[in-house]
Amino acid sequence: MQKMTATEARKKDAREKIELGGLIVKAGLRYEKRALLLGLLIDASARMKSDEAERTRLSELGARAFADDA
């Protein structure tokens with residue numbers, strides 16, 4: 001496998017961040033404060049780590065949201 005150049009790595013990183021930002025918009029949270037968004041993510045992360053059913057529930061919720069776009 002070919003090694004990625006620094007420029008390619010930066011572009012990949014930027015693309016991932018743009019895609020993640022798009023998820024915030026898709027969830028209807030575009031205008032929420034950053035602290036609230038981070039709090040939501042931290043809370044969800046903690047709940048998912050301790051509860052596999054919650055991970056499954058959230059995954060299914062997200063999958064339905066993506067399917068609605070199709």
Side-chain angles (χ1 to χ4, degrees):
M1 184 171 204
Q2 196 174 28
K3 189 173 180 180
M4 193 180 304
T5 67
T7 299
E8 290 170 333
R10 282 193 302 275
K11 285 182 181 180
K12 182 178 185 274
D13 182 62
R15 185 78 201 124
E16 288 175 353
K17 289 174 181 173
I18 290 166
E19 290 172 354
L20 291 170
L23 295 175
I24 297 295
V25 172
K26 183 165 184 54
L29 299 169
R30 177 191 299 249
Y31 301 108
E32 296 297 340
K33 293 184 178 184
R34 289 180 184 181
L36 173 69
L37 295 173
L38 184 56
L40 286 168
L41 294 169
I42 290 169
D43 180 65
S45 177
R47 285 186 286 124
M48 288 184 335
K49 288 176 184 171
S50 64
D51 185 350
E52 190 60 34
E54 181 68 356
R55 173 183 280 281
T56 300
R57 185 187 75 81
L58 292 171
S59 293
E60 290 171 354
L61 181 64
R64 283 194 304 273
F66 281 125
D68 289 345
D69 286 349

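Keep in mind that this is a model prediction, so the values were computed, not measured. The first residue in the sequence is number 1, and the count goes up from there.
- At a threshold of 4.5 Å between side-chain heavy atoms, the hydrophobic network of Ile, Leu, Val, Met, Phe, Trp and Tyr places Leu20 and Phe66 in one connected group.
- For Glu19, the salt bridge (charged side-chain N to carboxylate O under 4.0 Å, His left out) partners two or more places apart in sequence, or in a different chain, are Arg15.
- A salt bridge links Glu54 with Arg57: the closest approach of a Lys/Arg side-chain nitrogen to an acidic carboxylate oxygen falls below 4.0 angstrom.
- Taking OG1 from Thr7 and NZ from Lys11, the interatomic distance works out to 7.0 Å, rounded to the nearest 0.5 Å.
- A salt bridge is defined here as a Lys NZ or Arg NE, NH1 or NH2 lying under 4.0 Å from an Asp or Glu carboxylate O, and Lys12 with Glu8 fails to meet this definition.
- For Lys26, the NZ atom counts as densely surrounded, since its 6.0 Å shell holds more than 12 non-hydrogen atoms of other residues, nucleotides or ligands.
- When hydrophobic clusters are built by joining Ile, Leu, Val, Met, Phe, Trp and Tyr residues whose side-chain heavy atoms come closer than 4.5 Å, directly or via intermediates, Leu40 is grouped together with Ile24.
- In this structure, CG on Leu23 lies 12.5 Å from CD1 on Ile18, to the nearest 0.5 angstrom.
- Of the charged side-chain nitrogens involved, at least one lies within less than 4.0 Å of a carboxylate oxygen, so that Asp43 and Arg47 count as a salt-bridged pair.
- Met48 CE to Leu41 CG: the interatomic distance, rounded to the nearest 0.5 Å, is 9.0 Å.
- Distance check: Thr56 OG1 to Leu61 CG gives 12.5 Å after rounding to the nearest 0.5 Å.
- We find the CZ-CG distance between Arg34 and Leu29 to be 14.5 Å, quoted to the nearest 0.5 Å.
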